[in-house]
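Presented below is the structure to which this report refers.
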Amino acid sequence: MSHTQTAPSQDVVHVTGLVKRYRDLVALDHLDLSVRKGEIFGLLGPNGSGKTTVINCILQLLSYDRGTIELFGEPMAPNRYDLKARVGVVPQQVAVFDELTVRENVDAFCALYVRDRRRRRQLVDEAIDFVGLGDYARFRPGKLSGGLARRLNIACGIAHRPELIFFDEPTVAVDPQSRANILDGICRLRDEGATVVYTSHYMEEVEQICGRIMICDRGRAVAQGTADELKRMISLGEKITAEVGELPEGTLERLCGLSHVLSADHADGVLHLTCEASAHNLTDALSVLTAAGVRLGRVWSEPPTLNDVFLELCGRELRD
Amino acid sequence: MSTFRTALRVVAGHPIYLALYVVFLSLMGVFVVGDMGVATSGEKGGYAAYEARVAVVDRDGTALSDALVAWVSDAFELVDVADEPLALQDGVATGQVDCLVVLPEGFEWELLEAAHAGDEVPALEVAYGQDVQAGALAAQAASRWASLAAGAAALEPAASATEVAHLAQASAAERAEVDVRESEGALGGADRLATYLNFSTYSVMSSIVVVAGVSLAAFQRPELRRRTAAGPVSPACLSAGQVAACLVLVVAVWAWTCAVALASCGGALAGTDPALVACALGSVLPFALVPLALAFLLAQLGLSEDAVNACGNIGAMMLSFLGGAWVPLSMLPDVVQMAARLSPSYWVSQAVATVLHAEALTPELAAELGTNLGIVLLFAVTLFAVGLALGRARRRVVGAA
């Protein structure tokens, strides 16, 4: 595992040796985590891997058994309201008051952080504009579509201009346009100086916006680094696909025998090869196929995705 | 302060509940008391005998039957109905007549024979229309006339049927004198106010439980709790803001109840000591804290809006019943009267009744009032403490999950 060590003073979030137990179940097992100022940090993991638990511990919504948590270089505690004032949270489910309008909702949550009414009015206006809900300011949440409600959820979490924002799967059940809008918004927040911790099940999202990523499983950090660093950690280096029609007998075995080939599969006239990282995977495979007299259709090669990394590190078995 | 304002907005975000429970139910109490006032306040007015539309089918055509028809036409509104089966049925079924009296052939002979022999007077053949009460009274009056005629025939065996009819007419014309007097036990202004405040235990309880319960429950939604708990405001401040907003609701409901009570009973309270009226109205305020505590408890349990509504309505009906809002407790079995002491509405009803039946505010009365209201407050404190404990236990379970 490649883990880039940074000085704690540069970290906005610094977690070491965090342990959280629910009786016999170990939810977090000596988890280390560091988030640098100004980055979007992705937190990946299957269901029950401890993503939400670690966020709840950082926010002091849950007690924990061992470990230390520092925010902005200072120890975090349930009564450190000065530190909490610098943090924003966008929960997984839309957490707003059904009885209030869009504007009143944003104002209600912003008021927990900002007392000055004039300043707050300005921040609320900016947050509503930021998520593009200006035309819906007088609407109640029940009248909003799923995507608009998600955007309201975000506005409520960022209106007070937090330095550190936790996004817990903010794009679940959102249409592609709204998702793109939300991701653009998160990148803009980063560009404006905020630090973001982002959890999601959508690998392409994480790969798209996160500078560094941590994959956790069963309460432990399995891997941490940039997307490219993570891809280099796994054995899979290249995926080759070729339209070949029928394969002569023995060809698949010869392909499997090539050095760096991890697996070969032929179905419905399409050949799939997975290979370790090597410069000659494609030419080696094509040589075997040509020698066997196979007429080739389209042939293409792909690097591994974050999804491949995730599945290799966390396994393919179903989680609850 | 921010939580207080948000909670107020959430409370105001339920206008239907406010209109239904606070306004409508309290006005319903006005109608209840107003109706009682008309029926029993003993206001002086003219006495009017009951009225009924009566049809008499005379198949006898004798002097006695003619006299009975004449008497009925004097005493009631005589309706002409043809002596045909369909017309008679229609007359009764469509409400054309309240009472149909049939004098069969031989009516006079049978009545005189029975009177002379000392036998029972033959019963009249009657049918009632839609207003059964008026019909029954009219039939009773006709039977009474026949009995008077039989009595006259028995006393004057030699009298002819025409003479018997005259005697019966003279006897039936005699009526008891009617004089309307106000009884000492009639409802005065203080009693009307007590009745209204007793009923208001239902409107106050249901309105505060539902509106405050739904509003407090809004803050208990898991994701909202997570979001607010992550903020820089302590849980105590958050709870204080919510409870303060609900206290505003409590005071508003109490003030509205007092205003409606004074508007509906104000004129009749002229002879009542204002201090006693103020004490009676003030007694409702501590009682209003009980539904607030119950709403807090329900919110801590994380109940849905529908469940809070159900609890508010059923709980309010039950407690106001035990306070005597629907039926006077004295009419209920002993076991219910004993159980009523376990409800706060009983004690507030006692407090109101004690104050409004007193002549002046004395130290002894104040002590008794304080005792009753102290018991009411104990209910509120107990419910609040249970709510706190349940809320903590539930958060621990939810957190562990």
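Letters A, B, ... mirror the listed sequences (proteins, then strands); counts begin at 1. Atoms considered below: every heavy atom in the structure, side chains included; atoms not considered: hydrogens, waters and symmetry mates. Note that the coordinates shown come from a computational prediction; the quantities given were computed from them, not determined experimentally.
- Looking at A:D168, only its side chain comes within 4.5 Å of chain B, counting heavy atoms on both sides.
- When all heavy atoms of B:G231 and A:Y81 are compared, the closest pair comes out as O-CD2, 4.1 Å.
- The side-chain contact (heavy atoms from CB on, under 4.5 Å) test applied to B:M28 returns B:F24, B:L25, B:F199, not counting sequence neighbours.
- Ranking B:A229, B:A230, B:P232, B:A12 against chain A, the residue ahead of the rest is B:P232, based on heavy-atom pairs under 4.5 Å.
- Counting non-hydrogen atoms of other residues, nucleotides and ligands closer than 6.0 Å to CZ of A:R86 gives a total above 12.
- Of the two parts of A:V87, neither the backbone nor the side chain holds a non-hydrogen atom closer than 4.5 Å to a non-hydrogen atom of chain B.
- More than 12 heavy atoms of other residues, nucleotides or ligands sit less than 6.0 Å from atom CZ of A:R188.
- Contacts with chain B were tallied for A:L59, A:V89, A:L61; A:L61 has the most, counting heavy-atom pairs under 4.5 Å.
- For a residue to count as touching a neighbouring chain, one of its non-hydrogen atoms must lie under 4.5 Å from one of that chain's; by this rule B:T228 touches chain A with backbone and side chain alike.
- Contact annotation for A:R21: neither backbone nor side-chain heavy atoms come within less than 4.5 Å of a heavy atom of chain B.
- Of the inter-residue distances, the one linking A:N153 atom CG with B:R227 atom CZ reads 4.5 Å to the nearest 0.5 angstrom.
- In this structure, A:P91 and B:R226 approach most closely via the heavy-atom pair CB-NH1, 4.0 Å.
- Residue B:R9 touches chain A through both its backbone and its side chain, counting heavy-atom pairs closer than 4.5 Å.
- Among the residues in residues 132-145 of chain A, those with a non-hydrogen atom closer than 4.5 angstrom to a non-hydrogen atom of chain B are A:R140.
- Contacts between residues 92-116 of chain A and chain B, defined by a heavy-atom separation under 4.5 Å, are made by A:Q92, A:Q93, A:A95, A:V96, A:F97, A:D98, A:E99, A:L100, A:E104, A:D107, A:A108, A:F109, A:A111, A:L112, A:Y113.
- The contact list for residues 250-260 of chain B toward chain A, using heavy atoms and a distance under 4.5 Å, is empty.
- With respect to chain B, the highest number of heavy-atom pairs below 4.5 Å among A:C156, A:G157, A:S63, A:G88 belongs to A:C156.
- More than 12 heavy-atom neighbours from other residues, nucleotides or ligands sit within 6.0 angstrom of CG on A:L25.
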